[in-house]
Amino acid sequence: MRKFFSINALLFLLVCLTAVACGKKESGEAYSKDKISSIIAKADSLLPNYRFVDIDTVFVYYNLAKDYSDEMLRLQGNYENEVKRHQNSIQAFATNVEKKRQNNGYFSEQSLNQDIQQLGNMQENAQKAIANLQNTILIADQQGRQTVTDSIMAFINDYNMTKGYDAIFLKGATLCSNPALDITAEVIEGLNARYNKMK
């Protein structure tokens, strides 16, 4: 479709330039740069008014996305510390039970079984706690991504109400595009200005 518009625009431009050139030759006047610019502007107006955004770059430089990324790193760090704490606690208790058993520290089989039961309970509780943490992180990640995505979409809709583009595409969804149509930097700047104001 763009090729069709481009060919039409070029034909329009050639016809106009030919008409202007022929008209001026007869009168002996040279056509001005302003006249050429207005002809080119008319030809450009026939082209679709598209722009594109590199969403991966937006996610890297948008402050809200960076804040969520930092929060996810914090949650991941807490998760790893909690896993380590449970592992160390279980390992220490298991080592203690084994030493006590080897040194005949248990006066009855019942007391040994109680410690083995406690070790099993510790492992079960650790698995539950870790599963809950994983679920918390998963939910936080999903909510964070959704919040950032919603924020970007809301901004782009507001942004385009003032710009009036026919369409704004994702860069990754296009096979090739003119770098002059990239509005990523402008979108990031607008997003951060709005986020910092709200923050």
Side-chain angles (χ1 to χ4, degrees), residues 1-17 20 31-83 131-199:
M1 186 169 174
R2 184 168 180 84
K3 194 177 230 181
F4 173 77
F5 278 115
S6 298
I7 291 168
N8 279 351
L10 285 172
L11 287 173
F12 173 79
L13 182 60
L14 287 172
V15 168
C16 289
L17 286 175
V20 170
Y31 49 88
S32 68
K33 286 183 181 178
D34 290 339
K35 185 69 175 173
I36 294 173
S37 295
S38 73
I39 291 168
I40 291 171
K42 284 178 185 174
D44 284 343
S45 70
L46 295 176
L47 297 171
N49 196 13
Y50 298 154
R51 294 296 182 272
F52 70 86
V53 174
D54 184 344
I55 199 67
D56 293 333
T57 303
V58 172
F59 271 100
V60 170
Y61 292 103
Y62 180 22
N63 289 337
L64 175 63
K66 289 198 277 189
D67 286 349
Y68 270 110
S69 180
D70 291 344
E71 176 64 10
M72 291 310 300
L73 287 174
R74 186 188 69 78
L75 288 174
Q76 186 63 33
N78 289 348
Y79 169 79
E80 289 169 5
N81 290 338
E82 193 67 8
V83 168
N132 286 338
L133 273 175
Q134 287 173 331
N135 193 47
T136 300
I137 290 171
L138 181 63
I139 291 169
D141 183 50
Q142 289 171 341
Q143 289 176 341
R145 286 175 186 274
Q146 190 62 53
T147 300
V148 172
T149 301
D150 289 348
S151 176
I152 292 168
M153 290 306 301
F155 173 81
I156 287 178
N157 285 333
D158 292 344
Y159 168 87
N160 200 41
M161 286 177 74
T162 61
K163 296 292 184 178
Y165 297 128
D166 294 328
I168 298 176
F169 295 107
L170 294 176
K171 183 180 181 181
T174 59
L175 294 175
C176 102
S177 49
N178 182 347
L181 302 178
D182 188 350
I183 57 169
T184 304
E186 198 174 334
V187 167
I188 292 169
E189 185 180 351
L191 280 165
N192 285 334
R194 187 179 69 170
Y195 178 58
N196 293 339
K197 187 176 179 182
M198 289 169 63
K199 196 173 179 182

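These numbers come from the heavy atoms of this one structure, side chains and all, not from hydrogens, waters or symmetry mates.
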*asked:* Is any side-chain heavy atom of Phe59 closer than 4.5 Å to one of Thr149?
replied: yes
*Are Asn196 and Asn63 close enough that some pair of their side-chain heavy atoms sits under 4.5 Å apart?*
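Yes; the side chains approach each other to less than 4.5 Å.
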*Considering residues at least two apart in sequence or located in another chain, which fulfil the salt bridge (Lys or Arg N to Asp or Glu O under 4.0 Å) criterion with Lys163?*
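Here the qualifying residues are Glu186.
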_Checking Ala140 now: which residues fulfil side-chain contact (heavy atoms from CB on, under 4.5 Å) with it, not counting sequence neighbours?_
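Counting only residues at least two positions away or on another chain, Ala140 forms a side-chain contact (heavy atoms from CB on, under 4.5 Å) with Met72, Leu75.
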*Considering residues at least two apart in sequence or located in another chain, which fulfil the side-chain contact (heavy atoms from CB on, under 4.5 Å) criterion with Ser69?*
none
Value rounded to 0.5 Å, distance of [atom1] in [X] from [atom2] in [Y]:
X      : Y      : atom1 : atom2 : value
Leu181 : Ile168 : CG    : CD1   : 11.5 Å
Asn132 : Ile137 : CG    : CD1   : 11.0 Å
Asn78  : Leu73  : CG    : CG    : 11.0 Å
Tyr61  : Asp54  : OH    : CG    : 10.5 Å

_Residues Arg145, Asp141: salt bridge by 4.0 Å N-O rule_ =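 Looking at Arg145 and Asp141, the cut-off is met.
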*What residues, two or more places apart in sequence or in another chain, satisfy ring pair (Phe, Tyr, Trp, His ring centres under 6.0 Å) together with Phe169?*
Tyr50
*Could I get the full list of ring pair (Phe, Tyr, Trp, His ring centres under 6.0 Å) partners for Phe52, not counting sequence neighbours?*
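Expected list: none.
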For [X], give me all partners under side-chain hydrogen bond (donor to acceptor under 3.5 Å, both in side chains), at least two apart in sequence or on another chain.
X      : value
Asp182 : Thr184
Glu82  : Arg85, His86
Tyr79  : Gln134
Gln146 : Asp150

_Sequence neighbours excluded, every pair satisfying ring-ring contact (aromatic ring centres under 6.0 Å, His included) that has a member inside residues 175-194_ = none
*asked:* By the ring-ring contact (aromatic ring centres under 6.0 Å, His included) test, which pairs, at least two apart or in different chains, include something from residues 134-155?
replied: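 Matches after skipping sequence neighbours: Phe155-Tyr159.
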_Sidechain-backbone polar pair: Asn157 side chain, Met153 backbone, donor-acceptor under 3.5 Å_ = yes
*So, Arg51 side chain and Asn160 main chain: donor-acceptor pair closer than 3.5 Å or not?*
no
Residues 170-177 side chain polar contacts: donor-acceptor under 3.5 Å, at least two apart:
from, atom 1, to, atom 2, distance (Å)
Thr174, OG1, Lys171, O, 2.8

